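First the structure, in the form of structure tokens, and then the observations on it.
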Amino acid sequence: MTDLLYSDTEDDLRAAVRALLTDRAGPDVLLGRIETGSPYVPGLWRALAADMGAAGLLVPEKLGGQGASHREAAVVLEELGRAVTPVPYLTSSVVATETLLAIEDPRERVTGLLADLAAGRTVAVLAVPLSAAPDARPATGGRVTGVADAAVADVLLVPRADGLYAVPAAEAVIEPQTPLDLTRPLAAVDADAASGVRLADRAAADTAIRRGLLAGAGLLASEQLGLAAWCLEETVRHTKERFQFNRPVGSFQALKHRMAQLWLEIVNARAAARAAADALATGSPDAPLTVAVAQAYCSKVAVHAAEECVQLHGGIGMTWEHPAHLALKRAKSDQIALGSAGSHRAVIAELAELPAPVPSP
Amino acid sequence: MIPAAPDATELIARARKLLAEHSPATTSRIDFLRARFDAGLAWVHYPVGLGGLGAPRALQAVVDAELTAAGAPDNDPRRIGIGLGMAAPTVLAYGSEDVKARFLRPLWTGEEVWCQLFSEPGAGSDLAALGTRAVRDEQSGDWIVDGQKVWTSSAHTARWAILIARTDPDLPKHRGITYFVCDMTDPGVEVRPLRQITGEAEFNEVFLTGVRIPDAHRLGEVGDGWRVAQTTLMNERVSIGGGRLPREGGMIGKAAATWRERPELRTHDLHQRLLDLWVDAEVARLTGERLRQQLVAGQPGPEGSAMKLGFARLNQLISGLEVELLGEEGLLYSDWTMVRPELVDFTGRDAGYRYLRAKGNSIEGGTTEVLLNIVAERVLGLPAEPRNDKDVPWKELAR
Ligand SMILES: Cc1cc2nc3c(=O)[nH]c(=O)nc-3n(C[C@H](O)[C@H](O)[C@H](O)COP(=O)(O)OP(=O)(O)OC[C@H]3O[C@@H](n4cnc5c(N)ncnc54)[C@H](O)[C@@H]3O)c2cc1C
């Protein structure tokens, strides 16, 4: 049976990650960095990925990881979503790691890379656009745009016509692009000139990439959940303190109902995100559908929560110094990341046997 | 010494013993239900002698599964929902030992149906504004009740009612209220069908004229009825969302089936909207499942109020979509004949009926607006609405 609750271990992990992020990557720190071109907070990745062991949650112990599961990784992402933290966790520790884990019959070069990723020594990103849906067939060769976290990658996982290659990032051409979400940098990547090492043949690569993107999409729901929960908490806090018309603005029913409505959506989003994490963790055959449901639902909730957060903060919400815009930008770009709600609904239409109308001749 | 509460193994053993001694194949429905109550397997978390065994509430599912598998009859909870969901927990919490012993067994077996005489023409969401009077007859100690209640579901089938009435109009509205059990066969009780949006009369108007209620049928202290009513209302909201549904188990299953069976009705616009609602319904199902898991783990969350709000919205949107999907057929309605149904049929009837009946989901048991206020204030801790009626005697309030 699907376990939709949080275990004590997961709660402990959450507390540790939250404490670290509060300490090291608060809104002031992020706001100070986002325009430097490198939003990543120095030393934070090491503390999270290596010291805390978060990078290796999905990796079995015999390959140097923590031998935990998608459930724990989801909790980390919830916290990273709450704090809109710029770290390559989703890209490296989830998508790239899961892609490598899915390569059947892995050779030394795959397991070696996994051990490095698990230890937080190496950052790897899959060279596909952040918008790629799990069932997308990534382009093979040429310039790929919108690759998230390529700027801090040590290794690029590059899909080519004859399989998946590991390419040292230093050998590829990586041009930063200006992202809507300032906390998740994007770049155009061209790895055609680099040789690299082949990790899997074409068929195995397709399966592995699909699994990597599926895990990414499923756990992105937890990032969206965390972000939405933060937006609501901040909005409740602010509207209780902000007075207009001789009353806290949070006592106006028009606002109370909007916040209560968000709470309902977040309650639902939590169930959806937990279901996706659990389905991935247990390798359930229902995972593709559960992930599609979670994405179709949670992306909507995160954007709604962030938009309400800006609106109910009034002028402060539009102000650069206030972190609300970081959340809005992340939520909006998360809506496109790893497949739009529409593409996830198309998957649902197929899996739940609710076919589209037959096109008229 | 209090014996330890029975665990799952013991409950299964007790259920098997019940089945062995009262085989569902040879025992009449009502005899089986009575025996089940007496065996403490009706609601296992209730006290011994009152249909339970003082076991953890979550273990009821174990008993139900065992009995259902053996083909045992159930007590048709849909028909006696108000009794089970609202009257019983209130009687248990506030009734005297005699009252509990008198009412709980026939309530559970369904031999006696209950209704809820709360709402009045002038007091719906603002329930504490109610004006039905209960005056003490000094000689007999009985209470004499006069007033009018409205939208009373099942009043036409009910044997008993939970009733709140004003016993002191000089106090502010939340104070002078007292809670009673009212005999619906009393000659002063007149039930008139009140036809509703669907054409049938599921609810009623109830006129109370000189209704005599013995003091023994009072629940809680005189003047403490508002607090007692909170027990009823809290249970009303929790009782929704308790059951486990499979995927597509609710109204969405109906809409999805129509979609699959009738390809000629499909349009692109409806496709996107159907998928959107399918996602919402699946997520609501998962939320219900999560709530159930929290209850089992002993950490009930405020998610309960989310369930009622969510179901109300979804039922309305899904049934509305289905009427549209049916196109020309959606222009028709099954039957406007005025009948007085014994229970509400949410999934058995056609889409038009469901669409109209679902409109009540966001009104009955607390309107969506009022429940959103409760979420905002009790869950999110937002400031309460400013009030100007708190310290004013009820009789001086504008009505
Ligand atoms: C199908 C059905 C079955 C019912 N069965 C029973 C029954 O068995 N027993 C019983 O006692 N009652 C029953 N009711 C009555 C039900 O409890 C009331 O209708 C309900 O509480 C709302 O009260 P009202 O109808 O007076 O609406 P009002 O309270 O007059 O509300 C009118 C509108 O104002 C809004 N409103 C009111 N107060 C506020 C506020 N503070 N903030 C924002 N908006 C507000 C409401 O949400 C609503 O939209 C039933 C109702 C229905 C529809």
Side-chain angles (χ1 to χ4, degrees), chain A residues 1-5 232-233 235-237 239-240 246-253 255-276 286 289-290 292-298 300-301 341-342 344-349 352-359, chain B residues 244 247-248 252 255-256 259-260 263-272 274-276 278-294 296-297 299 301-310 313 368-369 371-386:
Chain A
M1 190 188 66
T2 318
D3 176 2
L4 299 170
L5 306 181
L232 176 60
E233 279 166 36
T235 307
V236 167
R237 195 178 59 73
T239 55
K240 276 203 256 191
N246 201 33
R247 278 166 67 178
V249 292
S251 70
F252 292 109
Q253 196 181 61
L255 270 60
K256 285 164 76 170
H257 282 191
R258 282 163 70 167
M259 288 184 261
Q261 183 59 43
L262 270 184
W263 178 80
L264 298 177
E265 290 174 24
I266 290 167
V267 165
N268 286 329
R270 179 160 281 119
R274 281 275 93 188
D286 205 32
L289 181 58
T290 312
V293 165
Q295 262 310 298
Y297 193 83
C298 296
K300 185 167 71 173
V301 173
H344 290 290
R345 277 199 294 272
V347 169
I348 294 166
E353 293 169 46
L354 296 166
V358 183
Chain B
R244 268 179 104 166
R247 185 175 281 159
E248 290 193 6
I252 193 68
W259 184 269
R260 289 182 192 119
E264 76 282 6
L265 299 174
R266 296 175 195 158
T267 70
H268 285 287
D269 164 53
L270 289 169
H271 192 224
Q272 286 309 310
L274 174 70
L275 289 172
D276 211 26
W278 196 92
V279 168
D280 286 0
E282 170 66 3
V283 173
R285 182 184 75 83
L286 290 167
T287 302
E289 180 63 27
R290 188 160 195 274
L291 175 66
R292 222 185 46 79
Q293 292 180 8
Q294 280 179 310
V296 172
Q299 31 167 302
E303 275 86 350
S305 39
M307 297 308 300
K308 194 226 170 213
L309 286 160
R313 177 185 156 271
T368 290
E369 290 74 21
L371 290 185
L372 286 174
N373 282 348
I374 291 175
V375 168
E377 289 171 21
R378 307 217 189 127
V379 180
L380 300 179
L382 287 163
E385 298 284 303

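Note that the structure is a prediction, hence the values are computed from the model and not measured. A, B, ... follow the sequence lines: proteins, then strands. Residue 1 opens every chain.
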Tell me, out of [options], who's got the most heavy-atom pairs with chain A below 4.5 Å.
options	result
L286(B), L372(B), L265(B)	L372(B)
T267(B), V279(B), V283(B)	V283(B)
L309(B), L270(B), D280(B), N373(B)	N373(B)
L382(B), L274(B), V375(B)	L382(B)

Do the side chain of H271(B) and the main chain of L354(A) share a donor and acceptor less than 3.5 angstrom apart?
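Flag set: sc H271(B) to bb L354(A) pair under 3.5 Å.
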Main-chain N/O of A356(A) paired to W259(B) side chain as donor or acceptor, under 3.5 Å
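Here the side-chain-to-backbone pair does not exist.
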Output yes when K256(A) and E377(B) qualify as a salt bridge under the 4.0 Å nitrogen-oxygen rule, no when they do not.
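The answer is yes: the pair qualifies as a salt bridge.
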Taking the side chain as every heavy atom from C-beta outward, state whether [X] and [Y] have any atom pair closer than 4.5 Å.
X	Y	result
E289(B)	T2(A)	no
L380(B)	L232(A)	yes
R285(B)	V293(A)	no
I348(A)	E282(B)	no

Heavy-atom contact with chain B under 4.5 Å, split by part of L262(A)
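Neither; nothing under 4.5 Å.
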Among A260(A), A292(A), P248(A), A349(A), which has the most heavy-atom pairs under 4.5 Å with chain B?
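Among the listed options, the one with the most contacts to chain B is A260(A).
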